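Note sheet for the following structure.
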Amino acid sequence: MDSQTQMKQIVADAAIQEVKSDMILGLGSGSTAALMIKSLAEEIRSGKLKNIRGVATSFQSEVLALELDIPLIDLASVSQIDLAIDGADEVDPGFQLIKGGGACHVREKLVASKADEFLIVIDETKLVQKLNKSFPLPVEVLPNSWKLVQDVISEMNGSSHLRMATKKAGPIVTDQGNLILDVLFNDGINNPKDVEMSINNIPGVLENGLFVDITDKVLVGKIENNIPVVYSPSKVG
Ligand code: 5RP
């Protein structure tokens, strides 16, 4: 196992310690969340956790949960989620996030917004001082509006490109049947709340990957003296 996977595994296992029987649990997307879902399945199988119901944030997490016999309920049928656990692409010192590296941020944000507690699990490569200096901000757009949105974003000093698929000609298509623009601003993102709102205001945009003032706790996996360890940083500001 490479060192980044070791960091992801230890943080995924640590997150499951926060889960209690009878919880409705938001199941995040991406490789760290997938490890968390596998650890959860182990705990359910061993009988340590009982009566867990998961709410999937993507087709990926839905398929994985079904394969691992984790009971699922539909987002539309829950009014409240006890705990949502998810990965992130960038986390700043104030716990503002960029998500959507796996193009799942629309449902991830819906699930997070319904959760009493939103727990982020990352390896330490995801910690940044300022968002969007290197990781592009994913923006989900309706298929016929991508050029229009791209032009407006360029007026906001953002450069963007349509995310292309691998092993399929053309762009990637999200779980909702839309496209993704990946956006880099000239000097990163200074005010995540303003940027989140301004981008979502552009006609044709469904949702962007900025998660602002929604994260309660972050667990970080790192390697110390060749041993994977977990810590929980304090929020700054
Ligand atoms: C998917 C996400 C993921 O949580 C994010 O991309 C992190 O993924 P990984 O754990 O594979 O690094 O937001 O839309």
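For clarity, every value in this text was computed on a predicted model and none was experimentally measured.
Between E90 and K126 no salt bridge is recorded (no basic side-chain N to carboxylate O distance below 4.0 Å). Salt-bridge check for D187 with K130: passed, with a basic side-chain N closer than 4.0 Å to an acidic carboxylate O. A salt bridge is absent between D89 and K99; no separation between the charged side-chain nitrogens and carboxylate oxygens falls under 4.0 Å. Salt bridge status for E196 with K109: present, with a side-chain N to carboxylate O gap under 4.0 Å. For D213 and K193, the salt-bridge test passes: some basic side-chain N is under 4.0 Å from an acidic carboxylate O. Of the charged side-chain nitrogens involved, at least one lies within less than 4.0 Å of a carboxylate oxygen, so that E42 and R45 count as a salt-bridged pair.
Atom CG of residue L72 and atom CD1 of residue I24 lie 12.0 Å apart, to the nearest 0.5 angstrom. To the nearest 0.5 Å, atoms CD (E124) and CD (Q4) are separated by 10.0 Å. The line from CD of E117 to CG of L119 is 6.0 Å long, rounded to the nearest 0.5 Å. For the atom pair CD1 of I37 and OG of S29, the computed distance is 7.0 Å after rounding to the nearest 0.5 Å. A distance of 14.5 Å separates CZ in F118 from NZ in K217, rounded to the nearest 0.5 Å. Here the OG-CZ distance, from S61 to R107, works out to 6.5 Å after rounding to the nearest 0.5 Å.
Residues K222 and P228 form no side-chain contact, since every pair of their non-hydrogen atoms from C-beta on lies 4.5 Å or further apart. The shortest distance between side-chain heavy atoms of I122 and T32 does not fall below 4.5 Å.
The main-chain N or O of P171 is found under 3.5 Å from a side-chain atom of K168 such that the two form a donor-acceptor pair. Proximity of a side-chain donor or acceptor of H161 to a complementary backbone N or O of L181 within less than 3.5 Å is not detected. Counting only distance, with no hydrogens or angles, the side chain of K114 and the backbone of L75 share a donor-acceptor pair below 3.5 Å. With R53 contributing its side chain and I70 its backbone, the two residues share no donor-acceptor pair below 3.5 Å. Judged purely by atom type and a 3.5 angstrom limit, T174 uses its side chain to pair as donor or acceptor with the backbone of Q176. Judged by distance alone, with hydrogens and angles left aside, the side-chain atoms of N132 form a donor-acceptor pair with the main-chain N or O of F185 at under 3.5 Å. With D123 contributing its side chain and T5 its backbone, the two residues share no donor-acceptor pair below 3.5 Å. Checking side-chain atoms of Q96 against main-chain N and O of L210 turns up no donor-acceptor pair under 3.5 Å. No side-chain donor-acceptor contact under 3.5 Å links T57 to the backbone of E108. The backbone N or O of F59 sits less than 3.5 Å from a side-chain atom of D175, completing a donor-acceptor pair.
Between L68 and A41 the shortest heavy-atom distance is CB-CB, 3.7 Å. Across all non-hydrogen atoms, the minimal contact from N178 to P143 is OD1-CD, 3.3 Å. The two residues I189 and V195 have their closest heavy-atom pair at CG2-CG2, 3.8 Å. When all heavy atoms of V183 and I153 are compared, the pair lying nearest together is CG1-CG2, 3.6 Å. The minimum heavy-atom distance linking G26 with V111 is given by the pair CA-CG1, 3.7 Å. In terms of heavy atoms, P203 sits closest to V149 at O-CG2, 3.6 Å.
More than 12 heavy atoms of other residues, nucleotides or ligands lie within 6.0 Å of OH in Y231, so this atom counts as buried by the packing criterion. Within a 6.0 Å radius of CG in N226, other residues, nucleotides and ligands contribute 12 heavy atoms or fewer. Around atom CD of Q129, no more than 12 heavy atoms belonging to other residues, nucleotides or ligands sit under 6.0 Å away.
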Side chain to side chain contact (heavy atoms under 4.5 Å, CB included) evaluation trace for I120 with L97: CA-CA 9 Å; I120 287 294; L97 320 173; 3.6 Å; yes
side-chain hydrogen bond (donor to acceptor under 3.5 Å, both in side chains) between E140 and N208, worked out: CA-CA 6 Å; E140 181 159 339; N208 70 78; over 6 Å; no
Stepwise side chain to side chain contact (heavy atoms under 4.5 Å, CB included) check, D13 with I16: CA-CA 5 Å; D13 293 342; I16 295 306; 5.8 Å; no
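Both I199 and L162 are part of a single hydrophobic cluster, where members link through side-chain heavy atoms under 4.5 Å apart. When the side chains of ILVMFWY residues are joined at heavy-atom separations under 4.5 Å, either directly or via intervening members, I172 and I98 end up in two distinct hydrophobic clusters. There is a path of hydrophobic side-chain contacts, each under 4.5 Å, that joins V141 to I202.
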